[in-house]
Structure formats: C-alpha cells, structure tokens
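Note: hydrogens, waters and symmetry copies are ignored here, and every other heavy atom, side chains too, is used.
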Amino acid sequence: MSKQAATVGISAREAEILALIGEHRSNAEIGAQLVISVRTVEAHVSSLLRKLGAPDRRALADLAAELDRAERTSQALAGLPSPLNPFIGRAQERDALREAVSAHRQVTAVGPGGVGKTRLALAVAADLAANFADGVWFVNLVPVTDPAMVGSAVAAALGLGELQGRSIDDSVLAALADRRALLVLDNCEHLTDGVAPFLERLLARCPDVSVLTTSRARLMVPFEWVYPVPPLSLEVHGGDGTHRGHSGHGGADGAAGSSDAVALFADRAAAVGWTIEAEHLDQVADVCRKLDGVALAIELATARLPALGLDGLVAGLSDHLRLLVGGYRADDRHRSVRAMLDWSQALLAGPDLTLLRRISVFVAPCTASAAAAVAGFDPLKPGEVVDGLARLADQSLLSVAASAGGTRYRALETIRQYGTEQLTAAGELDATLAQHLRWCLAGAEELAADASPATGGWRARFDAVADDLRAALSWAAEQPGRHADACRLALSLADLAFTRNLVGESQRRYEQAAALTDDPAVAAAALRGAANVAACRMRGDDVYRLWQAAADVAHRAGDTAAAARDLATAATTYFRKAGAFAQLPPRDEAAALLTRARELAGDDPAAEAAVALADCVALGYAFFADRGGPKTAASEMTARAERAVELARRLDDPLAECAALYALTGAQRRAGDTFAAAGTARRRVELLQSVPLTPGSADELIDALLIATATSMGVGDLPAARRMGRQLRDLPPLAEVGHVATQRLLMADALAGHATDVIAASGRFLDAWTQAGRPPARGFGPVAASVAMIHGLRGDQAAQAGWLAVLDQLGVTPEDRAGYSPTFDAIILLHQGQAARALEQLDTGAGEPKPWLTGILLHWHVALRAEAAVLAGHPDAARLLAAARPIAAGNPIAVALLDRAAALLDDDHERLLATAAAFESAGCPYQRARTLILAGRDTAPAGDAVLADLGLIPAPAGEGTR
C-alpha cells in the first residue's frame with residue numbers, strides 16, 4: 001500500500017481495489033481477481049468514495065492514477081542523494097537541461113568547477129524521476145582515480161556486485177539491460193578514458209537507459225549531447241522570461257525579484273544566521289558579479305559573513321582579486337573560483353594553510369588520525385592537526401560528517417584540486433604523497449590482520465579507505481623508485497578486495513603486483529593468486545593463461561619444479577574446467593603442457609603430485625570426450641587417483657589433497673561405487689573446514705560442496721546434503737550469484753519435500769539468473785526440474801509450466817533430462833495416483849537403468865520404479881523389487897521406498913507404517929507423509945497435516961508463478 005493511500009486511512013485491501021479501479025476494472029473483475037464477492041467489492045468502493053471525497057467512480061480512477069504516479073516518483077527518487085539545502089533559481093537552465101535529457105540518451109552538463117553542475121543535474125533528475133520506472137541513480141566519481149573502476153562505482157551506486165563468470169562492467173550491463181532508468185554520473189573529467197567506453201557499451205546494451213553526466217570538459221564521444229552550464233544569472237528574470245538589470249527593490253524575503261546569484265547568496269547567508277536587508281541587495285549583487293556568479297564561490301563567501309560582515313567581505317574579496325588578476329585569462333570564471341580560494345586561504349594561519357594543502361591528497365573523507373599521519377610532518381606537528389581540521393571546517397573549507405568509524409573530513413573537489421596545485425608550488429607534493437602511501441600500506445596491513453568479512457564493521461572500514469588505497473597505488477606505480485611499495489600495496493589490495501567479494505579487482509591487482517616486482521618468486525606467487533581468483537570467477541581462459549604465465553616466470557628464474565607444478569595445474573585447469581572457457585584451446589596444447597610438466601618435475605614431491613593429478617583429470621576428461629575411443633579400465637583409473645591422493649597427502653597440504661580427492665571421487669563414480677564416491681566427496685569438504693577462505697581455497701571449497709551435496713543426495717543422505725547446501729548458499733564469494741549458491745540446496749529441499757523453503761529460495765535463483773542475463777547453463781537443469789516438481793506436488797500447474805520453460809531456456813537437451821526428469825515426474829504422478837504413467841516414465845526400455853543415464857538419482861529411480869509397478873499392479877512388480885534391492889542397498893530413503901513397496905505388495909499394514917519412521921529418520925518428511933496417506937483412513941489425516949506443514953497443500957490458481 002502506498003504511503004499516500006495510508007495517510008487517508010485506506011486499508012491494504014482497499015488499496016488493492018483502488019489500484020484495480022485505476023486500471024478500469026469492473027466490480028466483477030475485481031472480485032474474481034481478489035477472490036472476494038462482488039458485494040464486498042461494492043462496499044469497499046463506497047468506503048473509498050467517502051474517504052477520498054471522490055464524487056464518482058471516474059474521479060476515483062483518476063485519483064488512483066495520481067497516487068500511482070506519486071508512488072512511482074517516490075521510488076524512483078530513492079537513488080538520488082537528498083540535498084542538504086534548497087535548490088535556488090536556474091529555472092531556464094533547469095527547463096533546457098530537462099528537455100535535453102528527455103530528447104537524448106546521453107547528455108553532458110559541462111562547466112567549470114564550482115559552477116553548480118551537480119546541483120542542477122540532481123534537480124533535473126528529480127524532475128524526470130516519474131519518467132523512469134526503474135529509478136534515477138546518482139554515481140559520485142570524485143573518489144575514483146582508476147578509469148577501469150567506473151563500472152565498479154556504478155555497481156556500488158546500484159547496489160550490485162560482480163556476477164560469477166562476468167566482469168563488474170558486464171554485471172552492470174546485465175542488470176540494466178531491460179531497465180528504464182536514468183544514471184547521473186557526476187565529475188567525469190578525470191576519468192574520460194574510462195567513462196566514454198563504459199557509456200558506449202551501456203547505451204548499446206541497455207536501450208531504455210539514459211545518462212546525464214557532469215564534467216569540466218566534453219567526453220568527446222559521437223553520441224554525446226553537450227549542455228554548457230552557465231554561472232548563476234546576474235540579471236533579474238522578468239515574468240515574461242526576459243532579463244532586466246538588477247534592482248534592489250525586491251525586499252529581503254528570499255531576495256524576491258533578484259537574480260539567481262543574489263537569491264543563492266541570500267539563502268545561504270540566512271543559513272549562517274545573516275539576514276540580507278533590502279538596502280544591501282545592490283552590494284550583494286556586486287559581490288556576486290565579482291565572483292562571476294559561480295555557486296561555489298558564493299557559498300564560500302557567505303560562510304565568512306558571521307566573521308567579516310558584508311563590508312569586510314567586499315573589502316577582502318576586492319583586495320585579493322586585484323592581487324591575483326595578472327592579465328587576461330581564457331577562463332575568467334575559473335579565475336574567480338581560484339581568487340575566492342586564494343582569498344579564503346589568505347585568512348588562515350600558516351599551519352592551517354599547510355594542513356589544507358596536505359590533506360588534499362585524500363580522495364575520500366578522512367579521519368583526524370589519518371590526517372595527522374599524512375599531514376603531520378615538519379613544519380606541521382601531528383598535534384596541531386585536530387584543531388586545524390576544526391578551524392578549516394568552521395570556515396567551510398572542509399565538510400564534516402559522522403560515520404561508524406568516527407568523524408570524517410572532506411574537502412570539496414575544487415578545493416582538493418586547488419590544494420594539490422599548492423602542494424606542487426610548495427615543493428611538498430612528493431613528500432606528502434609518500435606519507436599518504438605509508439599510511440595506506442599500514443592501513444591495508446591492519447585491515448588484513450582483522451579481515452572479518454562477515455561483519456559490516458570491517459566492510460565499512462575497507463570501503464572508507466579503498467579509494468585512497470587505489471589512489472596511492474596509482475601514484476606509486478608511476479614512480480620507478482616506489483615499485484616495491486606499489487607491489488606490496490597491490491598484493492594487500494588484492495587480498496582485501498577478494499575478502500570484500502570484489503573478485504574482478506582482486507584478480508587485476510594480483511596481476512598488477514606481478515608486473516611491478518623484479519623478484520620472480522613474488523611475481524610467480526602473484527600470478528598464482530590471480531589464477532586462483534580467476535577460478536572463483538569461472539574464467540577458465542584467464543586461469544589457464546595465468547598458470548602458464550607463472551610457470552614461465554618460475555622457469556626463467558631457474559625454479560623448474562615450480563614451473564612443472566604450474567604447467568601441470570594449467571593442464572588440470574583445461575581438463576577440469578573445460579566448461580568455464582570462453583574459447584577452449586586445442587586439446588593437444590594442454591597435452592603438451594602436461595608432457596612438459598612431466599619433463600621438468602624431476603623428483604620434486606609437489607611437482608610429482610601435480611603431474612599425477614593432471615594425468616588423472618586428463619583420463620577422466622577423455623572418458624567422456626572420446627566416446628567412440630578405447631576406455632581406460634575403471635580399476636586403473638581408481639588406482640591412479642589413489643596414487644595421486646597419496647602423493648598429495650605426503651605434502652601435508654589440504655588443498656593439494658582436496659584436489660587429488662576430486663580425481664578419486666570421479667574415478668569411484670565411473671566405477672559405479674556410489675557410496676565410496678560420496679564418502680570421498682565429504683572428505684574433501686571436511687579437509688577444507690579448517691582452511692581459511694582465500695583465493696586458493698575458495699574455488700576448491702565451492703567445487704567440493706557442489707560435488708558432496710550431489711553425491712549425498714544420490715546415496716539418500718538428505719540431512720548432509722541440506723547442511724552442505726546451506727554452507728554453499730552462504731559462501732561469501734557466491735553472495736552475488738544466487739543461482740550458483742542455491743542450486744544444490746534447492747534440489748535437496750525438493751527431494752525432502754520442504755516446499756515452502758524451495759519456493760522462497762527459487763526466487764533468489766531465478767532473480768540471480770535473470771540478472772546474469774539468463775545464460776544457457778545445462779548444469780542447472782536438475783534445479784529447475786526439482787522446483788517444477790514441487791509446484792506439481794502443490795497442484796500449481798502454471799508455476800510448474802513456468803519452471804519447465806526455464807529448463808528449455810537453460811538449453812537442456814532431452815539426453816540431459818534423462819538423468820533426473822523421469823524421477824521428478826514419477827514423484828508427481830505417484831502423488832496424483834497415476835502409477836501406470838509413473839512406471840512408463842521410469843522404464844528405460846533397455847533392461848536395468850545405467851548409472852550414467854540416471855546420474856546421481858539411480859537409487860531413487862529404481863526404487864520408485866518398483867513402487868510404481870506395485871501400485872499399478874504390474875506383473876513384473878516382484879521382479880523389479882528384487883532387482884532394485886542390490887542397487888539401492890545402503891541408501892536409507894531408497895531402501896524405505898522398496899520396503900514400502902514390498903509392504904504394499906504383501907498388504908502388510910504394520911510393515912507399511914514402519915516405513916514412515918524410516919523416512920523420518922532419513923530426513924524425508926514428504927515420503928513419511930505419503931506413507932501415512934497410503935496406510936489408509938486412520939493415518940491419512942496425519943499425513944495431510946505433514947503436507948500442510950511442508951507447504952505441499954494444493955496452491956490457489958497462479959500462486960508461485962514468476
């Protein structure tokens with residue numbers, strides 16, 4: 001219900017009815033949609049007419065449309081910062097810029113610093129909010145120093161994170177692809193090399209997105225419409241739109257009848273307790289004229305009124321302008337801003353002047369302690385900094401804001417850039433930037449020592465200093481004598497960015513560190529870190545490239561064993577993560593890497609283990625890739641994998657052992673030893689429980705959990721599958737990829753029958769997959785099929801059809817579906833009492849089902865087939881029961897299904913009821929409820945109650961559709 005509706009006492013139900021009236025629905029249509037009687041609708045309409053004072057239904061519809069527009073405008077404005085003071089004047093500029101943004105998809109508001117571009121852009125964005133259904137969003141680019149981080153800044157403003165398998169830029173484009181939104185990118189002048197290509201891609205990929213940028217210079221792109229923002233008007237606007245020279249007869253109440261510049265001066269003067277009397281308006285107009293109508297200069301001037309008065313202000317300003325104007329300047333307005341800043345600083349004591357120019361190296365708001373650490377060196381003492389900050393804030397040269405980390409101080413961008421110029425003139429720029437670099441290095445180490453990403457406090461501390469870390473790194477990277485510090489900071493920032501889930505930046509910083517160091521050991525380690533992060537991002541091409549680059553560095557340094565390990569890992573990447581490559585290289589190339597690794601390994605234990613693992617993974621790849629070729633015997637594959645595990649175990653390295661266990665899990669599954677594979681998969685997870693989450697361990701843990709949950713479902717250990725599924729769901733690196741994070745838990749919950757949980761989590765899955773651009777991904781087929789099954793059990797055919805359509809959109813083939821769809825379909829059909837049809841679904845038509853045809857659900861498949869045969873009265877029921885026993889032995893749920901089928905076949909009521917307890921112990925409440933229902937009239941109500949608790953009662957028409 002909208003806030004506007006709530007203010008007049010409209011209930012939630014009345015708000016629903018009002019909205020439908022706005023859509024011109026009849027009472028009968030409203031009643032049908034809301035499942036209420038027409039008489040009830042009529043009563044609510046009468047109440048609405050009374051509460052809203054509407055004379056008739058047509059007026060009520062108009063009011064509904066008006067409330068809807070107001071609500072959409074309010075929601076759209078959520079992405080804009082709230083101004084701290086009123087926007088003054090600029091009616092004509094506001095109209096002109098609004099028309100430009102309405103007519104053109106990318107408009108740049110151009111003007112000198114301090115002219116008021118940002119405030120004008122915000123006002124226009126607010127005016128247009130109702131035209132953009134998905135909101136208007138403000139992106140402050142002032143703290144951004146790296147052109148490559150423009151997309152990251154936009155993502156932060158939109159509340160987006162990097163999607164797995166996509167860069168942060170691509171994640172933004174995917175999120176905005178079908179949105180109608182307005183982006184306001186503020187202060188682009190120092191990032192044109194990053195803004196221009198980002199906008200070109202954005203406008204091409206997102207046809208309903210418009211962009212308003214502010215900059216001191218054009219972006220120089222062909223699709224740009226430039227709107228020059230003039231200074232505030234120095235002339236009075238007539239009622240007919242004409243201009244008149246200023247007159248002081250307008251009075252002091254808001255400087256009515258005055259120019260925009262005078263009106264701004266009067267408003268800001270009132271904010272500091274200074275009233276502009278009518279007789280002073282001409283004098284104020286003169287001050288504004290000397291300041292060329294630059295908004296920043298006017299606001300700085302009014303801040304001095306309490307101390308100087310109007311006469312002192314005029315005198316001081318005139319003196320300093322005369323001192324600073326040395327001849328014609330191309331940009332007189334810029335000269336005026338500089339004059340104002342020079343004059344403001346001339347009123348400061350020496351230590352405050354030094355402090356103001358030194359803290360200009362901070363690109364983000366800083367604390368007093370940070371300012372002391374950076375600015376507090378000779379001739380400024382650290383103890384003088386805190387008082388100096390307070391004095392600068394009092395004179396509006398610094399803004400002050402409270403934050404979770406304490407009070408922070410920020411210089412306006414114009415003042416910060418001016419301070420940098422003053423640092424250069426004073427010969428202090430390099431010394432101050434060196435202090436800033438030292439502070440950043442210490443701060444990064446402190447953050448790393450207390451990296452607790454689960455706490456908002458740590459994230460807030462990182463976010464507060466991240467832009468300064470990046471700026472310091474950019475400066476140090478350009479100083480040949482500072483490369484060692486730059487490399488150190490890049491490595492720290494890479495680690496911190498990974499912890500903050502900025503995995504794209506983490507990979508880039510590792511690669512940057514490798515390029516900054518002369519130490520081959522450091523470079524190789526950085527490249528390995530980059531490779532591990534790329535693996536978490538599912539960027540197979542990058543992983544493959546980076547492991548080879550690390551091998552090349554190690555080999556040139558004479559470390560052949562390390563080179564062998566890296567080459568073997570590159571080969572392993574090729575075979576293990578083939579699906580993560582955008583373009584898979586020729587297979588012979590990976591084989592050549594493995595051959596070279598074997599040649600270089602020598603007797604190094606770690607190299608030998610890496611080569612053994614690569615051999616196993618290559619064999620496993622060949623098992624599927626070479627369908628018509630000779631197959632390595634399952635026993636040989638298992639033996640090789642066991643040797644790889646033994647070699648890795650000798651290294652006392654959990655990650656190496658976990659990787660080798662991956663190969664053993666695959667060998668055991670190919671040998672048909674399902675329970676051994678499940679045990680090995682769980683061992684992988686257990687090994688990683690005590691290992692910190694790092695780039696090296698995160699990818700291994702994700703893979704381990706994916707496989708362990710799948711194998712646990714296969715052997716009927718649903719409690720373990722759900723436990724590990726929740727762990728996967730909550731992994732920080734998967735926070736922004738909900739479809740990856742929730743996939744296993746959805747399937748485990750569906751098999752158990754937890755419908756309420758499935759429906760809730762399926763929303764996150766679908767939203768994240770949609771945000772990623774709905775890419776084809778056959779591996780998500782079982783997830784969509786399991787959610788469709790839940791809706792089928794609930795009787796919601798529309799929702800079931802919707803999720804079956806998702807299967808098609810994922811690119812799932814009929815061959816893919818053979819591993820799980822028959823099982824899920826059979827569960828629905830048995831629930832509906834259609835045993836014969838269920839049996840048809842589960843009959844492979846070629847004797848006993850093959851493990852690789854039915855995938856992890858083999859046990860479920862054969863057990864449900866036996867039950868379907870019994871319930872359908874099929875003559876082969878007893879034979880199918882007997883054939884399923886050895887296959888499903890050890891799987892508690894499959895065994896309980898077979899026991900229930902046998903009890904039904906023998907008409908043994910006591911044995912039938914005993915299986916209900918077995919299902920409960922196995923963590924499968926749906927099958928327990930089904931047993932109670934099958935047992936007959938006495939226990940059926942208890943079974944129905946369980947179904948209701950699980951959320952498996954029949955759903956009203958349309959519920960659950962997305």
Requested in this report: Evaluate the criterion side-chain contact (heavy atoms from CB on, under 4.5 Å) for residue pair Ser697 and Val691; output intermediate values, then yes/no.
Outcome: CA-CA 7 Å; Ser697 66; Val691 177; 3.8 Å; yes
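- Residues Arg900 and Thr931 bring a donor and an acceptor atom of their side chains to less than 3.5 Å of each other.
- For Asp906 (side chain) and Asp908 (main-chain N/O), no donor-acceptor pair under 3.5 Å exists by modelled atom type.
- Ionic pairing of Arg764 and Asp767 is not present here: no N-O contact between side-chain nitrogen and carboxylate oxygen is shorter than 4.0 angstrom.
- Looking at Gln689 and Val685, their side chains come closer than 4.5 Å, going by heavy atoms from C-beta outward.
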Requested in this report: Let me see the working for Leu830 and Arg930 under side-chain contact (heavy atoms from CB on, under 4.5 Å), right down to the final yes or no.
Outcome: CA-CA 10 Å; Leu830 288 170; Arg930 179 164 161 73; 3.6 Å; yes
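- Atom CD of Glu910 is surrounded by 12 or fewer heavy atoms from other residues, nucleotides or ligands within 6.0 Å.
- Using modelled atom types, one side-chain atom of Ser786 and one backbone atom of Val783 make a donor-acceptor pair closer than 3.5 Å.
- At a threshold of 4.0 Å, the pair Asp899-Arg885 counts as salt-bridged, since one of the basic side-chain nitrogens sits closer than that to a carboxylate oxygen.
- Between atom CZ of residue Phe780 and atom CG of residue Leu746 there is a gap of 10.5 Å, rounded to the nearest 0.5 Å.
- The CE atom of Met789 sits 5.5 Å away from atom CG of Leu751, with the distance rounded to the nearest 0.5 Å.
- Between Asp825 and Arg837 there is no salt bridge, since no side-chain N of the basic residue sits under 4.0 Å from a carboxylate O of the acidic one.
- Annotation: the span from Met724 atom CE to Ile707 atom CD1 amounts to 11.5 Å, rounded to 0.5 Å.
- Ile933 CD1 to Leu947 CG: the interatomic distance, rounded to the nearest 0.5 Å, is 4.5 Å.
- Heavy-atom neighbours of Glu29 CD from other residues, nucleotides or ligands within 6.0 Å: above the threshold of 12.
- Between the side chain of Ser37 and the main chain of Thr40, a donor-acceptor pair closer than 3.5 Å is present.
- A salt bridge links Asp808 with Arg817: the closest approach of a Lys/Arg side-chain nitrogen to an acidic carboxylate oxygen falls below 4.0 angstrom.
- Both cation-pi conditions hold for Arg576 and Tyr662: the charged atom is under 6.0 angstrom from the six-membered ring centre and inside a 45 degree cone around its axis.
- Residues Thr711 and Thr674 are not in side-chain contact: their nearest non-hydrogen atoms beyond the backbone lie 4.5 Å or more apart.
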Report task. Report the C-alpha distance between Leu34 and Leu20 in whole Å, list the side-chain angles of each, state the deciding distance to 0.1 Å, and finish with yes or no for side-chain contact (heavy atoms from CB on, under 4.5 Å). Result -> CA-CA 10 Å; Leu34 298 182; Leu20 293 173; 4.1 Å; yes
Report task. Assess whether side-chain contact (heavy atoms from CB on, under 4.5 Å) is satisfied between Leu687 and Leu655, documenting all intermediate values. Result -> CA-CA 8 Å; Leu687 267 175; Leu655 293 183; over 6 Å; no
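- No donor-acceptor distance shorter than 3.5 angstrom exists from the side chain of Arg744 to the backbone of Leu705, with no hydrogens or angles considered.
- Here Asp749 does not pair with Arg726 in a salt bridge; the nearest charged N to carboxylate O distance is not below 4.0 Å.
- The closest donor-acceptor contact from the side chain of Asn891 to the backbone of Trp860 lies at 3.5 Å or more, if one exists at all.
- Residues passing the salt bridge (Lys or Arg N to Asp or Glu O under 4.0 Å) test with Asp949, sequence neighbours excluded: none.
- For the residue pair Gln668 / Thr638, no side-chain donor-acceptor distance below 3.5 Å is found, with atom types taken as modelled.
- Leu734 contributes atom CG, which lies 10.0 Å from atom OG1 of Thr742 (distance to the nearest 0.5 angstrom).
- The shortest heavy-atom contact between Ile856 and Met713 is CD1-CB, 4.4 Å.
- Between Arg778 and Glu815, none of the side-chain N atoms (NZ, or NE/NH1/NH2) sits under 4.0 Å from a carboxylate O, so this pair counts as no salt bridge.
- Side-chain contact between Val758 and Phe765 is absent, with no heavy-atom pair separated by less than 4.5 Å.
- Side-chain rings of Phe675 and His859 approach one another, their centers coming within less than 6.0 Å.
- The pair Glu657-Arg683 meets the salt-bridge criterion, with a side-chain N (NZ, NE, NH1 or NH2) lying under 4.0 Å from an Asp/Glu carboxylate O.
- Between the CD atom of Glu16 and the CZ atom of Arg13 there is a distance of 5.0 Å, given to the nearest 0.5 Å.
- Taking the six-membered ring for Trp, Tyr926 and His754 have ring centres at least 6.0 Å apart.
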